[in-house]
Structure formats: C-alpha cells, structure tokens
Amino acid sequence: MTENFEEKVKRYKDMGKTAFVIGYTGECGKELVKALSKNKIFSKVVLVGRRKVDLSPDPGPEFEQRIVDYDKLEDHTEAFQGAHVGYCCLGTTKGKAGKEGFIKVDRDYVIKSAEIAKSNGCQHFSVITASTANKNSMFLYVKTKGEVEDALKNMAFDKLTIFKPAVLLCDRAETRIGERIATTIMKPWTMMFPTTGSVPTAYVGRAMVIDTVTPGDEKLRIYNNGEIHGLVKQDGKK
Ligand SMILES: NC(=O)c1ccc[n+]([C@@H]2O[C@H](COP(=O)([O-])OP(=O)(O)OC[C@H]3O[C@@H](n4cnc5c(N)ncnc54)[C@H](OP(=O)(O)O)[C@@H]3O)[C@@H](O)[C@H]2O)c1
C-alpha cells in the first residue's frame, strides 16, 4: 500500500535524523526552512551561513544558526558534523559577484560543502541547480551548474537529489533585471502552461522535504521543473 505524506513524515521522523542547510537566507532556502519547520522531520537542523539573521517566526528549537567563513570551510567542519542530510540552496549572480565570484559561490562553495559533509557522515545531499545545466555549454551560468552536477554525481553519496528549476517565482526583495525580464516574458506562458517554464520558490522548498521523506533505493534522483510541480501536487498542501 502506498504511504500518504503524513505517514512518510512520521516514518522518517522516527529515524531521528539530523540535517544542515546552506543558503538558508535565500528565497528557496527560506521556503525550505519553512517546510522543515512545519513538518519537523529532523531532530536537529543546522543552518549554515555567512551571517546571522532574524528567523521569524521562530522555526523551532531544533534549528540553530552557525556562521562560517565559506573561504575557509575546512575550519568549520563541526557545522556539518554528523548531519545525515545536507540541503544546498546556495547561489549568487554574475551581476552581483562578478564572474570569479559567481563560480566561487555556485560551484566551489557547493562542492567543498558537499565534500566536507560527505566525509562527516552525510548520506543524502539535496541540491538546487538549474533546468539548463550543461557542463559542456559555452555559457557561464549553464556550464557552472553542469559542472556542479557532475562533481556531485562523482561523490557517491548514498543518495543525491538534484532539483532543476526553470525561472524561480517569488517576491524577491533584491532587483534582478534578468530574472524580472524572464518573469515578465514568461507571464502569458506561465498562465497557459503553469508547470513548464517557472516554479514558485515555495514549491522548491516543499519538494525538497517531500523528496527527503519519500523512500526508495535510487542513488540519484533528478527533478526537472515539471516534476517539482508534480511532486508538490502529488503530496499536496504541505
Ligand atoms: N533565479 C532563478 O530564476 C533560478 C532559476 C533556476 C535555478 N536557480 C538557482 O537556484 C538556487 C537558489 O536560488 P535562490 O534565488 O533561492 O537564491 P538566493 O535567494 O539568491 O539565495 C542565495 C543564498 O546563497 C547565499 N550566498 C550568496 N553569496 C554568498 C557568498 N558569497 N557566501 C556565502 N553565501 C552566499 C545567500 O546568503 P546571503 O543571504 O548571506 O547573501 C543566500 O542564502 C541558486 O543556485 C540559483 O542559481 C535560480
């Protein structure tokens, strides 16, 4: 008999696992924290970031913030110590960080965090890349996301989940011209075909939790934009 979402959550919760989240102050990260707080699937969640933020509403006593220097992650292995599951919602833009800065955050920090997590007991790594990711592309964004996927696949986690959203929909405080243009151009398309070219960040956060509690022996799970919508719809309202 197929378990419903509540049953999956209960079974998962009973395992007493712990997790960390990097990129928890970002748009997808905030939604992931909300979904984790609502479903309480972990006994402890370490929120790893470069700055402390006001977490309101309080997500719960199992959450703790840990400040790290991402350029010296090897000095902060304790932040990742013992976590069974690692979530990565990290990212920046070329506009914000420059080419080198973008590669550093979106590729190097992600890979380094995953390596440290793996050598400290992480069984399941769950990461957001992009629908277009392709390591052979000539385009920086697409290529970088593809290189990350490739490196993570070679790390042999017990389980690796890759979320590949198209355009993220959210009320972003910060103005991103490219994202604004893409969202505006996509609007009629999004209305006609809501699951193809975009996905709300809330769905990504929820999908990450739904995937975590969904049992299965596959070592690699990949969700494209439509499948992120499908996952949320299938397990509904969480
Ligand atoms: N935008 C889109 O339409 C789109 C589409 C597909 C995939 N994606 C990908 O989806 C992922 C999540 O996107 P998002 O929009 O939720 O991200 P976001 O809102 O930009 O959040 C990014 C996170 O990364 C952290 N970060 C950025 N630069 C950092 C640095 N130098 N050192 C340490 N931490 C740093 C931020 O921390 P602070 O709060 O401290 O800055 C924040 O927690 C990204 O990898 C993005 O590339 C985006």
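These numbers were taken from a predicted model, which means no experiment stands behind them. First listed ligand is number 1; within each ligand, the first listed atom is number 1.
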By number and element, which atoms of ligand 1 are closer than 4.0 Å to a non-hydrogen atom of [X]?
{"X": "Val167", "answer": "3 (O)"}
{"X": "Lys145", "answer": "44 (C), 45 (O), 46 (C), 47 (O)"}
{"X": "Cys28", "answer": "16 (O)"}
{"X": "Asp106", "answer": "45 (O), 47 (O)"}
{"X": "Thr25", "answer": "36 (C), 37 (O), 38 (P), 39 (O), 40 (O), 42 (C), 43 (O)"}
{"X": "Pro165", "answer": "6 (C), 7 (C)"}
{"X": "Gly23", "answer": "23 (C), 43 (O)"}
{"X": "Leu168", "answer": "1 (N), 2 (C), 3 (O), 4 (C), 5 (C), 8 (N), 10 (O), 13 (O), 14 (P), 15 (O), 48 (C)"}

Side chain to side chain contact (heavy atoms under 4.5 Å, CB included) between Leu32 and Val209, worked out: CA-CA 7 Å; Leu32 170 62; Val209 172; 4.0 Å; yes
N/O to N/O below 3.5 Å, does that happen between Glu27 and ligand 1? yes
Do any N/O atoms on Gly91 end up under 3.5 angstrom from N/O atoms on ligand 1? yes
Any side-chain donor-acceptor pair under 3.5 Å between [X] and [Y]?
{"X": "Asp71", "Y": "Tyr109", "value": "yes"}
{"X": "Tyr87", "Y": "Thr212", "value": "yes"}
{"X": "Asn120", "Y": "Thr77", "value": "no"}
{"X": "Lys17", "Y": "Gln123", "value": "yes"}

Any non-hydrogen atom of [X] lying under 4.0 Å from ligand 1?
{"X": "Ala166", "answer": "yes"}
{"X": "Thr129", "answer": "yes"}
{"X": "Thr201", "answer": "no"}
{"X": "Cys89", "answer": "yes"}

Option from Arg11, Lys8, Lys10 for which side-chain hydrogen bond (donor to acceptor under 3.5 Å, both in side chains) with Glu3 holds: Arg11
Ionic contact status for Lys112 with Asp108, cut-off 4.0 Å: no
Carboxylate-amine/guanidinium contact Glu149 Lys135, below 4.0 Å: no
Below 4.0 Å, non-hydrogen atoms only: which portion of [X] touches ligand 1? Side chain, backbone, both or neither.
{"X": "Tyr141", "value": "side chain"}
{"X": "Arg50", "value": "side chain"}
{"X": "Lys104", "value": "neither"}

Are side-chain heavy atoms of Lys143 and Asn134 found at a separation under 4.5 Å? no
Does the separation of the ring centres of His124 and Phe157 fall below 6.0 angstrom? no
Minimum distance, heavy atoms only, to atom 25 (C) of ligand 1: which one of Val21, Val68, Val105, Leu90 is it? Leu90
The salt bridge (charged side-chain N to carboxylate O under 4.0 Å, His left out) partners of Lys34 (sequence neighbours excluded) come to Glu31
